[in-house]
Amino acid sequence: MTTDVRNILDIERPATPEITRDSFLATKKRNFEKTKGASKRPEGMNREVFALLYNDNKDAPPLLPTDTALGIGSGYKQVKARLGMKKVRKWEWAPFSNPARTDGAVFHHWRRINDEQKDMPYPFAKFNKQLEIPQYTMAEYNQHLQTNTQKWSKEQTDHLFDLAKRFDLRFIIMADRWDRVQFGLKSVEDLKERYYEVIGILSKAKGQNASNGGGAGDKKPFVFDIEHERRRKDQLKKLFERTSQQVKEEQNLLNELRKIEARKKERERKTQDLQKLISQADQQGDAATNAQNARKYEKKLHKKKIHHQPRPSKVDSVVNAIEVGTSGIKFADLRGSGVSLRSQKMKLPANIGQRKVKALEQAIQEFKVDPAPPPTEDICNAFNELRSDMVLLCELRTALSTCIYEMESLKHQYEAACPGKTLNIPASLIPSTLQVKSESTDNLAGLTNNS
């Protein structure tokens with residue numbers, strides 16, 4: 001604190017040695033020797049216990065847990081910075097010049113006095129990159145660059161290349177600094193067109209490939225399309241000047257386009273699925289035809305009648321299941337002890353599949369039956385029997401539709417195996433859907449009246 005006060009009041013203080021490499025290493029060596037001379041941990045004592053009893057500064061152990069630096073290696077935080085009392089290096093307000101400027105301007109900045117690189121160039125001069133703008137002579141201009149339309153004169157071209165050299169091909173600034181009083185009005189596109197036209201002509205004349213800025217490197221010279229650039233800017237201007245209603249209308253049109261594309265993809269997907277089904281049916285017909293031809297060949301070869309066993313039908317499995325008694329619903333009989341509601345008798349068992357439940361709900365809606373009647377004892381028994389019969393009816397309908405489908409498939413297989421022949425199925429074997437529905441309706445109505 002006293003040293004800081006002396007510095008603020010500009011009071012002399014005793015001279016302190018300057019920080020050097022040797023003095024810094026000597027200080028480190030003294031601290032290492034002090035640490036080396038500290039007492040060692042007794043054998044058999046854990047490191048954590050010894051750290052609680054003793055440290056390098058020989059301070060008493062803390063009464064409360066702490067994470068501050070009490071000594072070397074005893075913590076990871078420092079309460080305040082440890083500032084030295086030695087001299088700091090001095091700085092000076094030194095002049096410097098920027099080699100990128102040609103006007104000889106001199107600037108100043110702060111620099112250390114003891115810096116060895118006093119004559120070091122300005123470090124940011126390496127970022128001063130300038131383009132190489134090509135030059136042309138009067139003979140080259142008269143031979144190659146002179147235009148017939150008098151749109152660009154020699155003075156205008158010279159002024160253009162002078163601006164390109166001054167402003168590093170920043171055409172927006174070049175158009176702003178263009179001398180309109182002497183040379184008339186020129187747009188940015190006109191300046192670009194003339195500049196790249198001259199670059200291309202000079203590159204061809206000198207037998208070298210010009211890059212975009214005028215140097216060598218590219219295989220072909222850059223060609224500027226002025227009409228395309230003007231159209232692009234007009235489109236950007238129209239896009240920028242849109243109103244909010246036009247933006248909303250465009251968004252609505254895009255949404256409609258997405259919906260149309262989604263519907264188109266859905267139709268294509270359905271078409272592909274239909275093509276797959278048709279191809280599968282054709283393959284099955286070809287397989288049946290090949291099998292029939294193979295059987296005919298075996299008959300001719302062996303001159304025997306081959307008796308084929310009938311294939312198992314899906315109808316048989318359904319009918320067998322109905323005969324065994326797996327159809328219908330078996331309601332649980334509530335005979336347990338305790339109080340129970342009579343309406344619990346009408347609850348469907350948990351072992352019924354989801355398909356049966358959906359089919360039962362559709363049948364109840366179809367025949368206009370109350371799904372939750374008053375739970376009297378007679379009504380509960382009759383309602384349970386009615387739902388069991390409905391499930392049986394649904395299974396019979398499924399068996400009937402399966403039978404009709406198999407007859408139709410057998411008919412198609414027969415027609416595919418025997419071209420030119422048609423299998424006529426009697427009308428008595430194909431019941432109409434209306435007759436089946438009417439009969440089932442009459443049966444269910446009779447069951448309802450009986451219940």
E268: what forms a side-chain contact (heavy atoms from CB on, under 4.5 Å) with it, not counting sequence neighbours?
-> K264
Taking only residues two or more places apart in sequence, or in another chain, which ones meet R269 in a salt bridge (charged side-chain N to carboxylate O under 4.0 Å, His left out)?
-> E266, D273
So, S388 side chain and N384 main chain: donor-acceptor pair closer than 3.5 Å or not?
-> no
Do side-chain atoms of N381 reach the backbone of E377 as a donor and acceptor pair under 3.5 angstrom?
-> yes
Looking at residues at least two apart in the chain, or sitting in another chain, which of them share a ring-ring contact (aromatic ring centres under 6.0 Å, His included) with F161?
-> Y136, Y195
Hey, does the side chain of N46 reach the backbone of E48 with a donor-acceptor pair shorter than 3.5 angstrom?
-> no
Using the salt bridge (charged side-chain N to carboxylate O under 4.0 Å, His left out) rule, collect all pairs that involve residues 241-260, keeping only residues at least two apart or in two chains.
-> R242-E250
Around atom CZ of R263, are there more than 12 heavy atoms of other residues, nucleotides or ligands at under 6.0 Å?
-> yes
Any residue meeting side-chain contact (heavy atoms from CB on, under 4.5 Å) with T102, in chain and number order, not counting sequence neighbours | none
For the side chain of N255 and the backbone of Q251, is there at least one donor-acceptor N/O pair under 3.5 Å apart?
-> yes
Non-neighbouring partners of R170 that pass side-chain hydrogen bond (donor to acceptor under 3.5 Å, both in side chains), sequence neighbours left out = none
Test ring-ring contact (aromatic ring centres under 6.0 Å, His included) applied to F183 - qualifying residues, sequence neighbours left out | H159, W178
Taking atom NE2 of H228 as the centre, report whether more than 12 heavy atoms of other residues, nucleotides or ligands fall under 6.0 Å from it.
-> no
Got a salt bridge between K151 and E197, using NZ or NE/NH1/NH2 to carboxylate O under 4.0 Å?
-> no
For R387, enumerate each residue passing the salt bridge (charged side-chain N to carboxylate O under 4.0 Å, His left out) test, keeping only those at least two apart in sequence or located in another chain.
-> none
With no hydrogens and no angle check, do the side chains of S187 and D190 hold a donor and an acceptor under 3.5 Å apart?
-> yes
Residues passing the salt bridge (charged side-chain N to carboxylate O under 4.0 Å, His left out) test with K233, sequence neighbours excluded, are E189
With sequence neighbours left out, what residues match P373 under side-chain contact (heavy atoms from CB on, under 4.5 Å)?
-> M346, D370, I379, F383
Sorted by chain and residue number, the ring-ring contact (aromatic ring centres under 6.0 Å, His included) partners of H109 (sequence neighbours excluded) come out as F96
Looking at A417 and P419, what are the two nearest heavy atoms and their distance?
-> O-CD, 3.3 Å
Within the distance-only criterion (no hydrogens, no angle test), does the side chain of S409 pair as donor or acceptor with the backbone N or O of E406 below 3.5 angstrom?
-> yes
Output all residues satisfying ring-ring contact (aromatic ring centres under 6.0 Å, His included) with F127, sequence neighbours left out; order by chain, then residue number.
-> none
Under 6.0 Å from the NZ atom of K411, do we count more than 12 heavy atoms belonging to anything else shown?
-> yes
